[in-house]
Amino acid sequence: MSTLGQIVLIAAVIAAGLIAGLFYAYTCSVMPGLARADARTYVTGMREINIAILNGWFALSFGGAPLLAAVAAALHFRSELRSALPWLIAGFVLLLVMLIVTMALNVPLNNALEVGFDGDNTDFEALRAKFEGVWERWNLVRTLAAIGGFGALVGGLIVHARG
């Protein structure tokens, strides 16, 4: 296996760990913390988080994890370390699920939250009711997919290291 393949695999594991950790943090701290707040604070907090998260660091792990997993799998396809390939494919598929759930479900809910916001004229209770439970359920799905993807890539790294 080339040095490039090793570097890509390690980068995939790191990116997957970062995105899994981010979504895990939402699941066990951010959302429970916001749940304790009144509706105005909840909606305002989520809007600000949605704005803040759109940055290069997030993009590197969010898009980078599945991309790097795919490249790592491709680099292992014709190598002597092909035994890691099932782990890498599983990692890629799970990270792809995370990406699809986020883009197809969480992001549209984020956008609906933004569209429903009308300053002081906002019905914060109604907006929160439409958003909170559904968003949190899909966040849990993407969290589990990201953790599974990370775990699978770690499995691939272990098989790769054993050669």
Side-chain angles (χ1 to χ4, degrees), residues 1-35 42 45-115 131-163:
M1 171 99 277
S2 71
T3 302
L4 176 61
Q6 293 170 339
I7 291 169
V8 170
L9 179 52
I10 291 167
V13 169
I14 292 169
L18 290 170
I19 199 65
L22 174 75
F23 292 148
Y24 174 75
Y26 268 89
T27 299
C28 67
S29 65
V30 174
M31 300 316 293
L34 285 175
Y42 180 94
M46 278 306 299
R47 285 183 67 240
E48 294 301 322
I49 290 168
N50 291 338
I51 292 166
I53 202 162
L54 297 177
N55 63 68
W57 293 111
F58 172 74
L60 281 172
S61 56
F62 178 68
L67 177 63
L68 289 164
V71 172
L75 292 172
H76 278 75
F77 188 74
R78 294 185 185 249
S79 81
E80 67 281 357
L81 297 170
R82 193 174 174 147
S83 57
L85 194 56
W87 290 99
L88 303 182
I89 291 171
F92 166 70
V93 169
L94 287 163
L95 291 168
L96 188 61
V97 167
M98 172 273 305
L99 191 139
I100 290 168
V101 166
T102 301
M103 297 308 292
L105 299 156
N106 291 96
V107 169
L109 287 165
N110 293 347
N111 293 341
L113 191 69
E114 186 62 34
V115 168
F131 180 88
E132 187 173 19
V134 177
W135 193 95
E136 288 177 5
R137 280 189 294 280
W138 287 113
N139 182 63
L140 180 59
V141 170
R142 72 180 179 174
T143 299
L144 294 173
I147 291 168
F150 171 68
L153 291 179
V154 168
L157 186 60
I158 290 168
V159 170
H160 173 96
R162 289 183 181 163

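Because the structure is predicted, anything quoted here is derived from the model rather than measured. For the numbers below, each heavy atom of this structure counts, side chains included, while hydrogens, waters and symmetry mates do not.
Summarising the geometry of Ala65 relative to Ile19, their closest heavy-atom pair is CB-CG2, 4.3 Å, with the distance given to 0.1 Å. Nearest heavy-atom pair across Gln6 and His160 is CG-NE2, 3.3 Å. Shown here for Ala72 and Leu88, the closest heavy-atom pair between the two residues is O-CD1, 3.8 Å. Summarising the geometry of Gly156 relative to Ala84, their closest heavy-atom pair is O-CB, 3.5 Å, with the distance given to 0.1 Å. Nearest heavy-atom pair, Val159 versus Ser83, reported as atom, atom and distance to 0.1 Å: CG1-OG, 3.2 Å. For the residue pair Val97 and Ala145, the shortest heavy atom distance occurs at CG1-CB, 3.9 Å.
Between Ile49 atom CD1 and Leu113 atom CG the span is 10.5 Å, to the nearest 0.5 Å. Leu94 contributes atom CG, which lies 15.5 Å from atom CZ of Arg142 (distance to the nearest 0.5 angstrom). In this structure, CG in Asn139 is found 8.0 Å from OG1 in Thr102, a value given to the nearest 0.5 Å. With values rounded to the nearest 0.5 angstrom, Glu136 atom CD is found 10.5 Å from Asn106 atom CG. In this structure, CG on Leu67 lies 11.0 Å from CG on Leu96, to the nearest 0.5 angstrom. Atom-to-atom distance recorded for His76:NE2 and Ile89:CD1 is 11.0 Å, nearest 0.5 angstrom.
For Asn50, the side-chain hydrogen bond (donor to acceptor under 3.5 Å, both in side chains) test picks out Asn110, with sequence neighbours left out. Taking the side-chain hydrogen bond (donor to acceptor under 3.5 Å, both in side chains) definition, one finds that Thr143 meets it with Thr27, sequence neighbours left out. By the salt bridge (charged side-chain N to carboxylate O under 4.0 Å, His left out) test, Glu132 pairs with Arg128, sequence neighbours left out.
Looking at heavy atoms from C-beta onward, Met98 lies out of side-chain contact with Phe150 at the 4.5 angstrom threshold. No side-chain heavy atom of Leu153 sits under 4.5 Å from any side-chain heavy atom of Trp87. Counting heavy atoms from C-beta on, the side chains of Leu22 and Ile53 come closer than 4.5 Å. For the pair Asn55 and Phe58, the minimum side-chain heavy-atom distance is below 4.5 Å.
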For residues 8-16, which side-chain N or O atoms pair as donor and acceptor with protein atoms under 3.5 Å away, sequence neighbours left out?
none

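Residues in residues 96-115 take part in these salt bridge (charged side-chain N to carboxylate O under 4.0 Å, His left out) pairs, two or more places apart or across chains: Arg47-Glu114. Sequence neighbours left out, the pairs with a member in residues 10-29 that pass ring pair (Phe, Tyr, Trp, His ring centres under 6.0 Å) are Tyr26-Trp135.
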